[in-house]
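The structure under discussion appears below in the form of C-alpha cells.
Letters go in sequence order (proteins before strands), and every chain restarts at 1.
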Amino acid sequence: MTFSPVPDKPALEGLESKWDGTWSAAGTYRFDRENAERSRVFSIDTPPPTASGSLHIGHVFSYTHTDVMARFQRMRGKDVFYPLGWDDNGLPTERRVQNYYGVRCDPTLPYDPDFVPPFSGGEGKSVKAADQKPISRRNFIELCETLTIEDEKQFEDLYRRIGLSVDWNHSYRTISDESLRTSQLAFLRNLHRGEAYQALAPTLWDVTFRTAVAQAELEDKEQPGAYHRLSFHRPDGGTIEIETTRPELLPACVALVAHPDDERYREYVGTTVTSPVFGVEVPVLAHHLAQKDKGAGIAMVCTFGDLTDVIWWRELDLPNRTIIGTDGRVLPEAPSAITSEQGIAAYAELAGKTVFSAKKQVVELLTASGDLIGEPKPITHPVKFFEKGDRPLEIVSTRQWYISNGAKDPALSEALLERGAELNWHPDFMRVRYDNWVGGLSGDWLISRQRFFGVPFPLWYPVSADGETDFDSPIVPSEDQLPVDPSSDPAPGYDESQRGVPGGFVGELDVMDTWATSSLTPQLAGGWERDPKLWALTAPFSLRPQGQDIIRTWLFSTVLRSQLEDGRSPWSDAAISGFIVDPDRKKMSKSKGNVVTPADILERHGSDAVRYWAASSRLGTDAAFDPQNPTQMKIGRRLAIKILNASKFILGFEAAPDARVTEALDISMLATLRRIVADATDALEAYDHARALETTETFFWTFCDDYLELVKERAYSGDTAAQSSAVAALRHALDVLLRLFAPVVPFATEEVWSWWHEGSVHTASWPTPEELDAVASGEPATLVATSQALTRIRRAKTDAKVSQKTGVRRAVITAPAAELAALRSVEADLRAVGRIAEIHFTEGEELAVSDIVVDNEEATA
RNA sequence: GGGCCUGUAGCUCAGUUGGUUAGAGCGCCACGUUUACACCGUGGAUGUCGGGGGUUCGAGUCCCUCCGGGCCCA
C-alpha cells in the first residue's frame with residue numbers, strides 16, 4: 001500500500017487542477033445508476049446557468065451551497081444524482097448569436113443544410129438589423145448550439161475549479177433536440193388535458209421586442225408623465241372634465257367610470273357623453289376600482305391604457321376600439337365608432353404615428369378645439385415595463401397560447417398551495433413568497449412569444465379552400481414525431497407544397513416562453529419519457545436549490561408543470577440562497593456595474609477559501625462581498641492552510657499499530673469531538689451548512705491551539721502507552737475532522753486524505769457519534785478545564801513579558817472540586833505545555849492559576 | 001398601500017423553548033521567531049443589542065409602536 005508522500009511544505013496552489021483531474025478520471029461523482037436504489041437516491045434539480053451570460057461571483061455562491069449538501073449526502077451513503085444543465089434558450093443567447101454571426105432568425109424560411117454564416121466573431125459591435133442575414137429557425141438554433149458550446153466550456157471550467165461534485169455525464173442543454181422534444185411533449189399533454197388553450201385577448205406587449213410578455217416578467221418603473229385635463233360634452237351642453245396621462249388614447253375611449261360612492265358624478269352615471277375632437281358617444285359608468293382621489297376622480301376607459309382598463313373593459317362589457325398596433329404605432333384604420341367628418345380627419349393625422357407623436361398631436365387638436373383645460377400637470381407614476389425592455393408596455397389584442405395556472409381555477413390554485421405546503425423550504429419563511437404569488441395571480445400563464453428563437457409550438461393550422469386560416473382547429477403531431485419545427489416540417493397528413501396555400505396548412509410561428517422549458521428541468525435532467533428507469537430513480541427530486549428572486553418564475557412554474565403532469569410536487573426540499581450584495585448592500589448586477597468576476601478571485605484566494613466564504617452564509621441570507629477586503633476568503637484560506645499544516649504535523653508522529661486511547665485528556669478531546677459530529681450532522685440535516693461549518697471550525701482551532709499544544713510533548717515522548725494514546729487520539733480526530741470539513745474544503749481535505757488513506761475522502765463515510773463511542777467515553781469538561789488552565793498559564797507568561805517556552809518553577813492551580821479532579825488527571829500534560837516543574841492543586845471557588853514563579857524572573861498572576 | 005426579511009463591538013455575523021456577567025472571527029493594541037504553520041503563535045481592550053412603551057421574578061429573545069435598510073407584490 002503506498003500513499004502520496006507528505007510534502008515538506010504543503011501548499012494550496014495547484015490542488016484544484018490536480019484533484020479535479022483525479023476525480024474525473026476516477027469517476028468519483030458518477031451517478032451509479034446500475035447500483036442505485038430509489039430509497040437511497042438524493043437527486044438535485046440544479047439551476048441551469050445562462051451560458052451566454054457573464055460569469056459573476058454569485059455563480060459560485062449558491063452553487064457552493066448546493067455542492068456542500070451534495071457532498072454531505074454522498075458521504076452519508078446516498079446515491080447522489082447531481083447533473084448540471086445549460087440554459088441556452090432565451091433572449092441573451094439570441095442576441096449574442098445575431099451579433100456574433102451577423103444573422104437573424106426568420107422562421108418563414110426553409111432550412112439550409114449547407115448554410116455558412118456571413119461572419120464569425122462579430123463580438124461586441126452589433127451588426128445593423130438591416131444587414132443581418134435572415135436564416136431559418138433550424139439554422140439559427142444550430143448556430144446557437146455551436147456558439148454556446150464555447151460559453152458552456154468556460155462555465156464548466158469555473159465549476160470544476162470551485163470543485164462542484166457534479167456528474168458531468170448528465171448535462172443537458174435547453175436548446176437540444178431532446179429538450180425541444182420534452183418541452184413539446186409536455187405542452188401536447190397540457191393541450192390534450194385542456195390545460196393549454198389559445199385566446200384572443202388583451203395582451204401586455206413589448207413594442208421593442210414585438211412580443212407578448214407574461215405577468216412574471218413585469219417590472220414597475222417610475223416614469224415622468226403629465227395629467228391632461230380635458231372635457232367631455234354632455235347632451236345638455238355642459239361638460240365633464242377628466243384627467244388622463246394618455247390623451248393619445250382618446251380615440252380608443254369606450255367609457256368614463258366613477259366610483260359608485262362618488263357623489264360628484266352619481267347623477268351622470270347611466271347617461272352618455274361625447275368625446276372631444278373625435279365625437280364618439282360613450283357611457284358614464286360606475287365601478288369600485290375608480291379612485292375618487294386620483295386625477296379628477298372620474299377616469300376615461302380606453303382599449304387599452306393599462307390593466308385597469310382591461311378589467312373595466314371585461315367587467316363592464318365594453319367594446320374594443322384598439323388603436324395601437326404591435327409595432328407601437330397608431331393603426332391606419334380608425335375604430336368604426338368614429339364617424340364624424342372631424343373625427344375621421346383627426347384620426348387620419350394620428351395614423352402611423354408613434355405613441356409619443358400621437359400624444360403631441362392629440363394635445364394640439366384638443367388645444368385647438370378648446371377642450372384641453374389649463375396646462376398639463378407633470379407627475380411621476382409607476383408604468384409597466386418588460387423587465388428586459390426599455391419602452392413602456394402597450395396592451396394590444398392578439399391571439400396567444402396560455403397554460404392554466406390556477407388564476408381562474410380555484411381547485412388548481414388550492415392544489416398548488418398544497419404542493420407548496422408539502423415542500424420543505426429552507427429557510428421556511430420563503431414559503432410565504434410562493435403562497436403570495438399563487439394567491440395573487442390575476443391571469444393564466446401566457447406562454448407564446450412572438451420571438452423566433454426558442455422552442456416552437458408543435459402546431460399547424462389548416463387553411464380553408466377560400467384561404468382563411470382556421471386557428472380553432474390546430475393540427476398536432478403524434479408524440480413519436482417530436483420534436484417538430486412547424487415552420488420547416490409539413491403538418492402531418494400534408495405535403496410541404498401545401499404550406500400557405502388554400503386547402504393546405506400554415507405552421508405556428510410563435511415559440512414558447514423560456515420558462516415553459518425551464519419549468520421542466522427535473523424532466524430534462526431525469527429523463528422523463530426518454531429514460532423511464534432513470535426517471536423512476538430520480539423523480540420526484542430531493543432538492544431544488546435556487547435564488548430567492550425567481551421563486552415566482554422558476555420555482556412556481558416547475559411546481560405547476562409537475563402538478564399538471566404528475567399531481568405531485570417536483571421535489572421534497574427547496575433551498576433558497578440569498579444573493580451577493582456590495583459593501584453598500586446593493587444587489588450585484590450588471591446594470592449597476594458592481595459585478596465581480598470570479599476568475600481572479602479564485603486565482604488569488606484559492607477555491608477552498610472562496611467556498612468557505614460561500615458556505616459561511618446561511619441559506620436565504622444575502623452576503624456582503626467587498627472585493628477590496630475579502631475577509632471571509634482570507635479566513636477560509638487560513639483554515640485550509642491550517643488543515644494542511646496540522647495534518648502534516650500529526651502524521652509525522654510515530655504511531656504504534658496497536659495504540660489505544662488511554663489518557664484522560666485524549667478521551668475528553670474525543671468526547672468533545674463526538675458532540676461536534678452530532679451537532680454538525682444535525683445542522684446539515686437541517687440545511688444549515690453555516691452552522692455545521694462554524695461548529696467544526698471552532699472545535700478545530702481549539703484542537704490545534706490547545707489540545708495539540710498540550711499533547712505535543714507527550715506525542716514526542718518515545719515508546720510509551722501515553723505516547724501511543726496521544727498519537728492514536730490525534731489520528732482519530734484528524735480522520736473525523738477531515739471528513740467533517742470535506743464538503744466545504746474539498747481540495748485541502750482530499751490532499752491530506754491522500755497522504756494516509758486509499759480512495760477519496762469524498763466517498764468516505766460521514767462521521768457518526770457512534771464510531772467514536774469506543775474511544776470517547778470521557779467528559780468534554782476535562783478539555784474545557786484544561787484549556788482554561790492553559791490560557792491562565794499563558795496569560796501569566798504574557799504579563800511577565802516572557803516567551804511561552806520560558807520555564808516555570810512552580811504554579812498553584814485553584815479550582816472547584818470537580819474541575820480540580822479533572823485537572824489533576826492531566827497534570828503531566830499541563831506541566832509539559834507550560835514547562836512547569838511543580839504544580840500545586842488547591843480547592844477554591846473559581847479556576848485560577850497563581851503564584852507562578854518563572855525561571856530567572858519573578859511574576860505573579 | 002400590502003407582504004416578507006433585516007437592524008447586536010469599528011467591520012462581517014452567531015445568539016436555540018425568555019434564564020448567570022451578550023459571543024466569534026476580522027480589524028486594533030501589547031507580547032512572543034516554542035522541534036506543523038510568519039499565509040504563525042499568545043494575551044488584551046472593545047456594546048444605550050435601532051428608539052420608545054408593554055408583558056414577566058427576569059427581555060437581545062415575546063407583544064405594541066415609531067425610525068432606518070433590503071427584496072417582492074400592488
Side-chain angles (χ1 to χ4, degrees), chain A residues 6-13 215-216 218-220 289 291 307-308 382 384 427-437 439-442 547-553 576 578-579 581 583-587 604-606 609 612-613 616-618 620-626 629-653 679 682-683 686 688 690-691 693-695 697-698 701-702 704-706 708-709 712-713 715-716 730 734 752 790-807 832-835 861:
Chain A
V6 180
D8 288 339
K9 272 268 173 197
L12 298 176
E13 280 67 31
Q215 189 182 350
L218 294 184
E219 209 170 87
D220 278 0
L289 285 180
Q291 289 176 276
L307 290 173
T308 319
K384 298 231 173 295
D428 190 67
F429 64 76
M430 292 291 179
R431 180 195 316 275
V432 180
R433 304 194 183 184
Y434 171 87
D435 290 348
N436 288 348
W437 177 251
L441 285 166
S442 59
Q548 54 171 314
D549 48 338
I550 48 175
I551 290 174
R552 67 193 172 130
T553 47
I576 311 293
F579 34 61
V581 294
D584 301 325
R585 304 212 71 81
K586 293 277 183 295
K587 182 176 169 179
R604 188 161 343 143
H605 303 283
Y612 174 90
W613 159 75
S616 315
S617 286
R618 291 171 303 159
T621 308
D622 296 346
F625 178 61
D626 180 359
N629 202 14
T631 313
Q632 284 298 308
M633 292 180 189
K634 288 182 179 168
I635 298 168
R637 184 176 174 81
R638 205 181 58 151
L639 173 67
I641 291 170
K642 190 80 172 179
I643 290 172
L644 294 179
N645 285 323
S647 301
K648 179 194 163 203
F649 186 47
I650 290 168
L651 295 174
F653 293 115
D679 288 351
D682 287 350
D688 193 347
R691 191 190 181 92
L693 172 58
E694 194 197 3
T695 303
E697 188 190 6
T698 303
W701 285 105
T702 306
C704 289
D705 295 343
D706 292 351
L708 199 41
E709 294 296 332
K712 214 180 205 176
E713 295 295 329
Y716 274 123
L730 283 168
L734 181 63
V752 172
L790 174 57
T791 299
R792 283 163 177 79
I793 292 166
R794 283 167 172 161
R795 187 183 302 159
K797 292 187 181 179
T798 300
D799 289 348
K801 296 192 194 297
V802 297
S803 156
Q804 293 295 327
K805 72 172 181 184
T806 306
V833 73
R835 307 196 177 222

Mind telling me whether A:F625 and A:W613 have parallel, tilted or perpendicular rings, with 30° and 60° as the class edges?
tilted
Contact summary for A:W701 and A:R638, nearest pair of heavy atoms
CZ2-NH2, 3.9 Å
Pairwise side-chain contact, A:L730 with A:F649, heavy-atom cut-off 4.5 Å (strictly under):
no
What I'd like to find out is whether the side chain of A:E697 reaches to under 4.5 Å of the side chain of A:I635, using heavy atoms alone.
yes
Which residue, A:D622 or A:K384, contacts RNA chain B at a nucleotide closer to its 5' end, judged by nearest heavy atom?
A:D622
Taken to the nearest whole Å, CZ/A:F625 to P/B:C13 is 13 Å
Hey, is the main chain of A:S617 close enough, under 3.5 Å, to the side chain of A:T621 for a donor-acceptor pair?
no
If each of A:R691 and A:E219 is mapped to the nucleotide of RNA chain B with the nearest heavy atom, which maps nearer the 5' terminus, i.e. the 5' end?
A:R691
Distance, rounded to the nearest Å, where A:D626 contributes CG and B:U12 contributes C1':
11 Å
A correct dot-bracket answer for RNA chain B, with pairs being Watson-Crick or G-U at under 3.5 Å, [ ] for crossing pairs and | for inter-strand pairs, is (((((((..((((.....[...)))).(((((.......))))).....(((((..]....)))))))))))).
For the residue pair A:W437 and A:R552, what are the closest heavy atoms and their distance?
NE1-O, 3.1 Å
Less than 4.5 Å apart, any side-chain heavy atom of A:K648 and any of A:V752?
no
Between B:C67 and B:G53, how far apart are the C1' atoms? Round to whole Å, please.
15 Å
Between A:E709 and A:R835, does any NZ, NE, NH1 or NH2 come within less than 4.0 Å of an OD or OE carboxylate oxygen?
no
What is the separation between atom CD on A:Q632 and atom C1' on B:A24, rounded to the nearest whole Å?
11 Å
For the residue pair A:D705 and A:L790, establish whether any side-chain heavy-atom pair is separated by less than 4.5 Å.
no
Taking the C1' atom of each, how far is B:A22 from B:G60, in whole Å?
8 Å
In whole Å, I'd like the distance from the CZ atom of A:R637 to the C1' atom of B:C26.
17 Å
Separation between the P atoms of B:C62 and B:C5, rounded to whole Å
11 Å
The contact string for nucleotides 31-37 of chain B, one letter per nucleotide 5' to 3', using protein heavy atoms under 4.0 Å with B, S and - for base, sugar-phosphate only and none, comes out as -S-BBBB
Determine the interatomic distance between P on B:A24 and the same-named atom on B:U20; round to the nearest Å.
16 Å
OP1, OP2 of B:C5 versus side-chain N and O of A:R433: anything below 4.0 Å?
no
When the C1' atoms of B:G25 and B:A45 are considered, how many whole Å apart are they?
16 Å
Under 4.0 Å, heavy atoms only, any strand: does A:T791 hit a base, just the sugar-phosphate, or nothing?
sugar-phosphate
Pairwise C1' distance for B:U56 and B:G19, with rounding to whole Å
12 Å
What is the distance, to the nearest angstrom, from the OH atom on A:Y612 to the C1' atom on B:C26?
10 Å
If you look at every strand shown and take non-hydrogen atoms under 4.0 Å, does A:W701 touch a base, only sugar-phosphate, or nothing?
sugar-phosphate
If you round to the nearest 0.5 Å, how far is CG of A:N645 from NZ of A:K642?
7.5 Å
Provide the distance between the two P atoms, one in B:C63 and one in B:U6, to the nearest whole Å.
13 Å
In whole angstroms, the gap separating C1' of B:U16 from CG of A:D682 amounts to 12 Å
Provide, to the nearest angstrom, the distance between the CD atom belonging to A:E697 and the P atom belonging to B:C13.
16 Å
Has A:R637 got a side-chain atom pairing as donor or acceptor with A:H605's backbone, closer than 3.5 angstrom?
yes
In whole angstrom, what separates A:I550's CD1 from B:C73's P?
13 Å
Could you measure between the two C1' atoms, the one in B:A9 and the one in B:C49, and give it in whole Å?
10 Å
